[in-house]
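Written below as structure tokens is the structure these notes are about.
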Amino acid sequence: MKTETTIQGLSASLSPARAAKKLIGFVPTMGNLHEGHLNLVREARKLCDVVVVSIFVNPIQFGPNEDFDNYPRTLDQDSKLLAEVGCDIVFAPSVEQMYGKKPRLTNISVGEITNDLCGLQRPGHFDGVAVVVTKLFNIVQPNYAFFGQKDYQQLAVIRQFVQDLNIPLEVIGVPIARAADGLALSSRNGYLSEEQRQTAPVIFQTLKQAEQQLQQKTSLDEVLVNIKAALTQAGLVVDYVEARTPELQKTSEFNQDLVLFVAAKLGKTRLIDNLQVKFTA
Ligand code: PAF
């Protein structure tokens with residue numbers, strides 16, 4: 001496995017694969033890798049000849065009071081894990097390498113779907129994601145790019161601008177990786193104290209109960225209230241509990257396919273999760 005830290009170095013490393021028309025798979029990450037990321041790499045490995053993983057903590061997707069400075073940077077450990085799952089090239093650029101010295105004047109705003117859910121709590125976040133992912137796509141020029149469904153809204157935003165801007169690649173969404181107790185894997189889980197870690201699976205348990213209630217025809221409003229109450233009782237501070245259609249449209253219907261979304265704080269750690277609820281006619 002090679003590690004490249006410059007755009008030029010990465011291009012040189014990829015040029016034989018490009019010349020041989022090999023399929024390039026790309027997994028963008030911010031590092032501090034866990035099984036969820038490694039699953040993305042495994043999926044890329046299945047489909048592609050060459051797998052590139054980027055590790056870049058992107059400053060422009062963090063708000064002023066968010067955890068950019070403290071975000072865990074664990075390149076050595078990440079590189080070891082990536083080598084074990086068959087990554088070919090790690091791209092780990094500096095902020096200067098990605099953004100240069102001149103001010104950036106271009107932004108990418110994806111519109112309505114970013115002014116909802118996490119976008120409401122984190123203004124500018126999805127613009128920052130859209131800019132960095134577009135830059136990374138232009139740098140790596142992959143055939144396939146892999147993203148986790150845990151960040152469901154992020155995946156929808158990426159699919160949208162890839163379509164709108166005719167970016168020539170296919171986006172693949174990979175199901176959420178969970179710990180044995182149901183907690184969705186996230187780099188931020190590492191911030192949880194032991195006691196908070198014991199509490200955190202309540203998010204998934206509550207979502208599963210909500211799924212059952214919906215299938216037993218409890219109204220959507222009542223189900224959302226129940227989720228909120230259960231999380232609050234467990235000691236979480238709820239940012240939002242919402243239901244959307246799989247295309248992220250608002251809905252109050254409950255006999256159709258839905259996605260339930262939760263964002264809640266446990267202490268200082270903000271956790272998100274979602275569950276796709278399917279209805280068979
Ligand atoms: O999901 C993430 O880790 C980040 O938002 C991404 C897609 C790597 C962009 O910085």
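Counting convention: from 1, in listed order, for ligands and their atoms alike.
Using a 4.0 Å cut-off between a side-chain N of Lys or Arg and a carboxylate O of Asp or Glu, Glu242 and Lys250 do not qualify as a salt bridge.
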Please produce the table of protein N or O atoms sitting under 3.5 Å from N or O atoms belonging to ligand 1, one pair a line, distance to 0.1 Å.
{"residue": "ligand 1", "atom": "1 (O)", "partner": "Gln154", "partner atom": "NE2", "Å": "2.8"}
{"residue": "ligand 1", "atom": "5 (O)", "partner": "Gln61", "partner atom": "NE2", "Å": "2.9"}
{"residue": "ligand 1", "atom": "5 (O)", "partner": "Gln154", "partner atom": "OE1", "Å": "2.7"}
{"residue": "ligand 1", "atom": "10 (O)", "partner": "Gln61", "partner atom": "OE1", "Å": "2.6"}

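Using a 4.5 Å cut-off between side-chain heavy atoms of Ile, Leu, Val, Met, Phe, Trp and Tyr, Phe62 falls into a hydrophobic cluster with Met30, Val57, Phe68, Tyr71, Tyr191. When hydrophobic residues (I, L, V, M, F, W, Y) are linked wherever their side-chain heavy atoms come within less than 4.5 Å, the members clustered with Phe146 are Met1, Leu23, Val27, Leu33, Leu38, Leu40, Val41, Leu47, Val51, Val53, Ile55, Leu75, Leu81, Leu82, Val85, Val90, Tyr144, Ile172, Val174.
Listed by first then second residue, pairs satisfying salt bridge (Lys or Arg N to Asp or Glu O under 4.0 Å) with a partner in residues 262-275 read Arg178-Asp273, Asp239-Arg270, not counting sequence neighbours.
Judged purely by distance below 3.5 Å, without hydrogens or angles, the side chains of Asn226 and Gln213 pair a donor atom with an acceptor atom.
With hydrogens and angles disregarded, a donor-acceptor distance shorter than 3.5 Å links the side chain of Gln153 to the backbone of Ile113.
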